[in-house]
*Asks:* 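Before I ask anything, let me first share the structure, which is written out below as structure tokens.
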Amino acid sequence: MALAIMCSGGDAPGMNPAIKKFVDYLYERGETPYFIYDGLEGLIDGKIKKAVHKDVAGIVHRGGTIIRSSRSKRFFDPAYRQEAWKNLESRGIDGLVVLGGDGSFRAMDVFSKEYPLNFVGIPTTIDNDIYGTDTCLGVDTALNVIRDALDKIRDTASSFSRAFVVELMGRECGYLTVVSAVTSGAEICIIPEVDFNWHVAKEHLQREMKHGRNYILALVAEGTEMTSDIADWLENEIGMETRITILGHVQRGGSPTVADRMLGFEFVVHAVDHLFSSERSNKVLVVQKSEIKMMEIDDVVNHRYRLDPELLGMLNRLD
Ligand code: F6P
């Protein structure tokens, strides 16, 4: 049996360790691994090749993905999905491991209902916005990249008595921002899931400033679109000179942490084992209370991820 691996959507650290394990594990089992390059775009265009050990030598520490990724508009069109299926069928590939997020799983769900394909989805996104899983591949590295940046920003903020507004990624999800606020002790945390209480926050900050606070670190999730409003408020209402840092794609890069390497390895072994099992139905792997489990694809794509109330409770919000 031949299995292929593909990355789809935003790249994330941990993809390369997963890709390496995929190749090593399939050869260990006497099977043939294939790479699909450039995600769904490459699947449509037939950018598929047998993988060998040499392809994955020396990649475990590298961020991003050696087989690249994409977001494909063409895959919405049934005619291109037919092309994609032909490319798999002609090579005898009937099992696929997909490293991707919500949108990629949705696309695979449609595809696997049209054609007799088996696939396992591995939740991979720095946003941590996939229903059913406590964490996704790439999240731990992104959090550590953010922590490093925030520690540095705090150094300059405190030295220069300034407020800093740092905008973090996550699309509509505030996970990265909440965890970063908790672990970096930010004074303000603005996320799409919780309304910000301007009045209470102002009173709180003014009280602290009266007692000697000379700098402020405010984290804003990109999904709120409130970065410049918060900066104006800090400057004009709170009365502190303010700078904005948009961390941007720095958050998606970097050498995967030990946790992300381990998670990538474990996810792949579970995915391959499932594709070789008698059941072989389409599933998404999830992590629940440190255990890897399988979830029905329909469950994952038809529900919305919600932030854990316990995590929100840890946030020392200013209201
Ligand atoms: O989904 C990952 C992510 O980095 C989001 O946090 C961000 O909103 C988006 O992708 C950015 O997309 P692009 O790389 O296409 O600019």
Side-chain angles (χ1 to χ4, degrees), residues 6-16 18 37-42 62-76 98-109 121-150 165-181 183-184 189-193 219-228 230 244-257 260 263-264 267 284-287 300-301 303-307 311:
M6 174 176 78
C7 299
S8 178
D11 51 274
M15 283 178 160
N16 280 332
Y37 288 90
D38 296 315
L40 292 169
E41 285 289 292
R62 285 171 58 185
T65 157
I66 58 153
I67 57 174
R68 301 184 298 274
S69 189
S70 65
R71 295 195 176 97
S72 175
K73 287 207 173 80
R74 287 192 297 166
F75 206 74
F76 287 107
V98 180
L99 302 166
D102 224 21
S104 309
F105 296 160
R106 231 177 279 280
M108 291 310 296
D109 189 32
I122 293 182
T124 310
T125 167
I126 64 161
D127 299 338
N128 210 34
D129 60 351
I130 299 178
Y131 177 79
T133 188
D134 298 342
T135 194
C136 299
L137 194 55
V139 171
D140 188 65
T141 307
L143 285 172
N144 278 289
V145 167
I146 295 167
R147 175 195 48 73
D148 184 54
L150 294 179
V165 180
V166 185
E167 183 183 289
L168 301 180
M169 277 186 166
R171 288 190 193 276
E172 299 306 309
C173 178
Y175 182 87
L176 288 179
T177 306
V178 175
V179 176
S180 300
T183 53
S184 301
C189 173
I190 318 265
I191 55 173
E193 293 87 345
L219 303 192
V220 181
E222 63 174 355
T224 62
E225 296 180 6
M226 284 169 65
T227 303
S228 54
I230 295 292
I244 293 175
T245 300
I246 297 177
L247 225 46
H249 288 77
V250 165
Q251 295 161 94
R252 280 227 313 249
S255 179
T257 55
D260 272 333
L263 189 59
F267 269 148
V284 172
L285 293 171
V286 293
V287 182
V300 175
V301 298
H303 289 93
R304 206 184 145 86
Y305 174 84
R306 298 216 180 282
L307 284 180
L311 177 63

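Along the sequence shown, residues carry numbers from 1. Computed from a prediction, not measured in an experiment: that's the story for all the values here. Indexing begins at 1, ligand by ligand and atom by atom, following the structure's order.
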*Asks:* Among all protein heavy atoms, pick the one closest to atom 9 (C) of ligand 1 and tell me residue, atom and distance.
*Replies:*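 Answer for atom 9 (C) of ligand 1: Arg171 NH2, 3.8 Å.
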*Asks:* What are the two closest heavy atoms between Arg68 and Cys7, and how far apart are they?
*Replies:*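 In this case the closest contact between Arg68 and Cys7 is O-CB, 3.7 Å.
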*Asks:* Just list the side-chain donor-acceptor pairs under 3.5 Å for residues 168-176, sequence neighbours left out, or say none.
*Replies:*
none

*Asks:* Taking atom 3 (C) of ligand 1 as the point of reference, which of His249, Glu172, Arg252 owns the nearest heavy atom?
*Replies:*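 It is Arg252 that holds the nearest heavy atom.
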*Asks:* I'd like to know if Gln251 contacts ligand 1, where contact means a heavy-atom distance under 4.0 Å to any ligand atom.
*Replies:*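 Checking ligand 1 against Gln251, which is what was asked, there is no heavy-atom contact under 4.0 Å.
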*Asks:* Begin from the C-alpha positions of Thr257 and Asn144 and carry the test side chain to side chain donor-acceptor pair (under 3.5 Å) through to its verdict.
*Replies:* CA-CA 8 Å; Thr257 55; Asn144 278 289; 5.0 Å; no
*Asks:* Distance to 0.1 Å, residue and atom name: give those for the protein heavy atom nearest to atom 12 (O) of ligand 1.
*Replies:*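 Sorting protein heavy atoms by distance from atom 12 (O) of ligand 1 puts Arg71 NH1, 3.5 Å first.
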*Asks:* I need the nearest protein heavy-atom contact for atom 8 (O) of ligand 1: residue, atom name and distance, please.
*Replies:*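 Nearest protein contact, heavy atoms only, for atom 8 (O) of ligand 1 is Glu222 OE2, 2.6 Å.
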*Asks:* For ligand 1, which atoms, with element, lie under 4.0 Å from some heavy atom of Met169?
*Replies:*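 Matching atoms, with element in brackets: 4 (O), 6 (O).
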*Asks:* Determine the minimum heavy-atom distance between Gly100 and Ile130, stating which atoms define it.
*Replies:*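 Minimum heavy-atom contact is O-CD1, 3.9 Å.
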*Asks:* Locate the shortest heavy-atom distance separating Phe105 from Val300; write the atom from each residue and the value.
*Replies:*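 For Phe105 versus Val300, the nearest heavy atoms are CD1-CG1, 4.3 Å.
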*Asks:* With Gln251, which residues qualify under side-chain hydrogen bond (donor to acceptor under 3.5 Å, both in side chains), at least two apart?
*Replies:*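 Result, side-chain hydrogen bond (donor to acceptor under 3.5 Å, both in side chains) vs Gln251: none returned.
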*Asks:* Can you tell me which residue and heavy atom of the protein come closest to atom 2 (C) of ligand 1, and the distance to 0.1 Å?
*Replies:*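 Protein heavy atom at minimum distance: Asp127 OD2, 3.3 Å.
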*Asks:* Counting each atom of ligand 1 from 1 as listed, which ones have a heavy atom of Gly170 under 4.0 Å away?
*Replies:*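 The list of qualifying atoms is 6 (O).
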